[in-house]
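These numbers come from the heavy atoms of this one structure, side chains and all, not from hydrogens, waters or symmetry mates. Chain letters run A, B, ... following the sequence lines, proteins first, then strands; residues in each count from 1.
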Amino acid sequence: MSEHAPPTKEQAQESEASTSKSTPTQVTDGSTAIVRALENAGVEHAFGVQGGAIMPVYDALWDSEITHITMAHEQGASHAADAYGVVSGTPGVCLATSGPGATNLVTGIADASMDSDALIALTGQVPSHMVGSDAFQETDTTGVTAPITKHNYFASDSDTVGKTVGEAFALSETGRPGPTLVDLPKDVSFGETDRDPGEPTPPPGSTPTPAADSAAVDAAVAAIERAERPLCLFGGGVIKAEACEEARAFIHEYDIPAVTTMPGIGTVPEDDELCLSWAGMHGTGYANMAITHTDCLIAVGTRFDDRLTGGIETFAPEAEVIHIDIDPAEISKNIHADYPLIGDAATVLEQVHDAIETPPATREWVEQCSAWKDDYPMDYRTPEDEPLRPEFVVEAFDEATDDDTIVTTGVGQHQMWASQYWTYKEPRTWVSSHGLGTMGYGLPAAIGARFAADDSQDVICFDGDGSFLMTMQELSVAVRENLDITVAILNNEYIGMVRQWQDAFFEGRHMASEYNWMPEFDKMAEAFGAKGWRVDDYDEVADAIEGALEYDGPSVIDFHIDPRANVYPMVPSGGANGKFALTEDQL
Amino acid sequence: MSGEDHDNSTPPKHGLAGRPPEERPHPEGRRTSQGIRIDPEAEAEPRVRQAVVSALVENEPGVLSRVSGLFSRRQFNIESLTVGPTTVEGNARITLVVEETEPGIEQVKKQLAKLKPVMSVGELDDDAVRAELVLMKVHGDEPDKVHAITQMYDGQTLDAGPRTITVQVTGNQSKIDDAIDAFRQFGIIEIARTGQTALARGATPTTPGEEPAPEGTIADEPQKPQTPAQHSDD
Ligand SMILES: Cc1ncc(C[n+]2csc(CCOP(=O)(O)OP(=O)(O)O)c2C)c(N)n1
Ligand SMILES: [Mg+2]
């Protein structure tokens, strides 16, 4: 580097040595107040892309202890921040400039909204006096993001902008989490102020009561006590509420079998005798049998998404429903709750746990559930002379890694195989795009997860060839930051999930689902500066996995799998969960 | 319910082993499209009714678009929406008339309560005081007859010229509907209706927890009532 080159942020901080270390940002203007608000909230990482309207905020980050990760695309920033929040349990932060920067964040914000993930987006905006004039890079960001945020703010005053950012942070994780956004006109960021934003404080009235009404608890408990076939359904809300301990204690104390939703994967170890894995469209046969035949469904932290319920008319049709949720609006939104319990999952589960006096007699039902495990096994065949099975790849990775390994995915068949054939044992190890179903989530999510995870944890992204193509530019970030992540592409040279539906429902007309040509992903990875492997046969799988896990940096393995492999079981959209198909002719 | 007689040892080449759907037991029960378990005794079809919902909100920029956006996004059937400031500085009241099933009306109220600027939401009883205002501009050829009809509906003439007469009528929805019908004979050139506004009858607060504005003063900062059940997740 030449003598006159300006210092990097790290060099600048080093040269100021201990004086600058962990010194909070001095508030002199809107931007420093914004950064100070993030520091006060305990933010350590932020993901984003620079640009005109957000430059003052970035400049204030120069002197901050917050580590900023420059992403290749703002969509990547929003997904990385989202996954960072999922893995760490503290909200992720993403930044973008006005106009295209802000609109590029939209997919990730919508994704976070659908999955109730805490996320804070800070967007630059044109100066206040130009707002409404169709100025360069002006977009009505609060208008665009209103339906996909818990709340968004248009900052109007340098004196209060720091407090607003703190409020946005606090609001995103209060009660049912969700994304918030603060739009920051450039003059507000530039404007002078010395007001410390203080601790992040949620808006008044936004903090829910943790305990459920005790009379309602008693009524629900009576329903559990008289049940013959009780079943717990644990959703993502259990993980968000840090209620996995309570959930596990509850099912074990009373011998109640449990299924999860997809976002609820990890609440209960999937190798637990009482756990039937996840229910829904591609859930296990045994989970879908149990949810169909239960007479008392104890649903916790779930919004009864249609991919879980299938047709409403046939969903748990004989069950009294106990619904524990922090959001009253989820009660009886899709499925009528006979016993609504509004409150925090951990608190209410304990209330229910403690109130049961006569445990339900569940022995026969537990036996029935484990018989269903034998009746509907997830086994597959692996003839050596046939193309590689994706299920085998997922299981091989699971065996080669520790239980705390984090899995991220794109969206499609590979996502389903990754969720079905990996045995999840801990919360916050399954990181996927559920409600929005966003192809391209996997790689940026792996980057965000890497920053949130312990160094000892492995981070694996199972990606589809199509999904990888949507955000693969983020590999440049993984190389630049030397992130130890492994991308396992389950390459079928197809928009596979669409191809599967076309075969089942569109007479095999493969309109726009065949790629015909695909880049050589292993070589592409090398061109980015990552390590690349290509695997076509069973006997190459173990070595490639070992090599990728050993390599201390980003690796990509391009697994060429059986292009005809399909995902089963499958409940067709709107169908009855109990009528899941095991082969195509059953659809 | 188990299938001991079914061979699960070899999965098919494409797909999984296990009993096909038609060989599995299926429960008899059903739910309605509202997710309610069907009680064979009770009627199954959900009935749609009209509800008047009042929301006390912080009168901040964008609050109206958040409310109307919520209605279009969630496909709530809305008949009218009125908004205006209250006597507490910074507060406004939004009155909504919706046509929904019982669970739909519950959703409207709960989703409204989740919006951050919404402080309190209440549904009005049937006996609530409701009113609407309509302005009608009609042809001025028969001023005496227009005047007579206006009087009949306790209306007022706001503007009268050689060619047009503009009248105002207030009242409940059916009175307004009747008045409009009556004025049709003159040829209605233009019409503007406000939509219904309403308040609860007597001492009952229109939205729960609503405090009256202090006599003769205007509060500096609106107090947000602490009603967690209404706000528990925003
Ligand atoms: C952004 C986005 N666009 C389109 C879709 C619709 N879609 C769902 S799955 C899928 C195919 C995904 O292909 P690939 O990533 O290769 O996964 P595969 O199913 O082949 O494993 C598509 C196009 C989507 N979910 N997300
Ligand atoms: Mg594919």
Side-chain angles (χ1 to χ4, degrees), chain A residues 142-143 146-147 150-151 154 171 174-176 203-209 285 289 292-293 304 309 312-315 317-321 326-329 331-336 338 342 368 371-372 374-381 564-566 568-569 576 578-584 586, chain B residues 1-4 6 8-22 24-38 60-62 65-66 69-70 72-73 103 106-107 109-117 119-120 223-234:
Chain A
T142 51
K150 205 165 155 178
H151 188 66
F154 185 89
L171 178 61
T174 302
R176 176 181 180 176
S206 63
T207 310
T209 315
M289 287 303 278
T292 300
H293 292 277
F304 293 105
T309 60
I312 294 291
E313 291 82 359
T314 47
F315 177 75
E318 309 207 310
E320 291 203 281
V321 174
I326 194 85
D327 181 359
I331 303 294
S332 299
K333 186 187 78 178
N334 294 340
I335 295 294
H336 177 75
D338 301 288
I342 298 163
Q368 171 63 82
W372 279 327
D374 298 331
D375 292 348
Y376 302 101
M378 294 296 287
D379 299 342
Y380 56 94
R381 287 199 289 174
R564 291 158 308 165
N566 280 345
Y568 294 105
K579 294 190 176 167
F580 53 86
L582 297 165
T583 54
E584 192 177 291
Q586 292 174 8
Chain B
M1 291 188 208
S2 125
E4 295 104 66
H6 202 87
N8 281 337
S9 50
T10 30
K13 192 162 161 192
H14 292 287
L16 299 169
R19 295 169 160 239
E22 62 278 9
R24 293 174 210 147
H26 299 289
E28 300 273 292
R30 285 289 176 273
R31 289 179 187 275
T32 66
S33 56
Q34 316 282 309
I36 303 168
R37 256 177 318 124
I38 295 174
E60 59 180 46
S65 84
R66 285 180 206 274
L70 172 72
S72 69
R73 174 159 53 99
E106 284 308 302
Q107 266 298 301
K109 292 190 273 182
K110 288 170 173 178
Q111 294 292 351
L112 267 175
K114 280 174 60 161
L115 296 177
K116 193 208 142 230
M119 302 189 291
S120 177
Q223 283 297 305
K224 202 164 169 160
Q226 300 283 328
T227 44
Q230 300 279 347
H231 287 268
S232 54
D233 85 326
D234 58 10

Validation row: [X], [Y] side chains within 4.5 angstrom (heavy atoms):
X: B/Arg30; Y: A/Thr314; result: yes
X: A/Asp327; Y: B/Lys114; result: yes
X: B/Lys116; Y: A/Pro203; result: yes
X: B/Gln34; Y: A/His336; result: no
X: A/His151; Y: B/Pro117; result: yes
X: A/Met378; Y: B/Leu16; result: yes

Contacting moiety of B/Glu28, where chain A heavy atoms sit under 4.5 Å: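 When you check distances to chain A, atoms from both the backbone and side chain of B/Glu28 fall under 4.5 Å.
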Check whether B/Ser33 gets within reach of chain A through its side chain, its backbone, both or neither, counting any heavy atom under 4.5 Å.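 B/Ser33 touches chain A through backbone and side-chain heavy atoms alike.
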Count the heavy atoms belonging to other residues, nucleotides or ligands that lie under 6.0 Å from NZ of A/Lys579, then report whether that count exceeds 12.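 Atom NZ in A/Lys579 is not packed in, count stays at 12 or less.
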Which pair of non-hydrogen atoms, one from A/Tyr568 and one from B/Gly15, has the smallest distance, and what is that distance?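 Scanning both residues completely, I find the closest heavy atoms to be CD1-CA, 3.6 Å.
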Atom CG in A/Asp338, atom CD1 in B/Ile36: separation rounded to 0.5 Å?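 Answer rounded to 0.5 Å: 9.5 Å.
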How many angstroms lie between atom CG of A/Asn334 and atom CD of B/Gln107, to the nearest 0.5 angstrom?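 So the CG of A/Asn334 and the CD of B/Gln107 are separated by 8.0 Å.
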Chain B interface, residue from A/Ile312, A/Asn566, A/Ile331 that has the most non-hydrogen pairs under 4.5 Å: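 Among A/Ile312, A/Asn566, A/Ile331, the one with the most close pairs to chain B is A/Ile312.
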For chain B, find which of A/Ala146, A/Ser332, A/Gly285, A/Pro147 contributes the most heavy-atom pairs closer than 4.5 angstrom.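 Most heavy-atom pairs under 4.5 Å with chain B: A/Pro147.
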Is it the case that the side chain of B/Arg31 and the backbone of A/Ile335 share a donor-acceptor pair, with hydrogens and angles ignored and the cut-off at 3.5 Å?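 Not confirmed, B/Arg31 side chain does not pair with A/Ile335 backbone.
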Look at the side chain of B/Arg37 and the backbone N and O of A/Ala319, then say whether any donor-acceptor pair between them is shorter than 3.5 Å.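 The answer is yes, because a donor-acceptor pair under 3.5 Å joins these two groups.
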Tell me, please, which residues at least two apart from B/Arg24 pass side chain to side chain contact (heavy atoms under 4.5 Å, CB included).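 Partners of B/Arg24 under the side chain to side chain contact (heavy atoms under 4.5 Å, CB included) test: A/Met289, A/Tyr376, A/Phe580, A/Leu582, A/Gln586, B/Arg19, B/Pro21, B/His26.
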Once side chain to side chain contact (heavy atoms under 4.5 Å, CB included) is applied, do any residues pair with B/Pro27, and if so which ones, sequence neighbours excluded?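 Partners of B/Pro27 under the side chain to side chain contact (heavy atoms under 4.5 Å, CB included) test: A/Thr292, A/His293, A/Pro317, A/Glu318.
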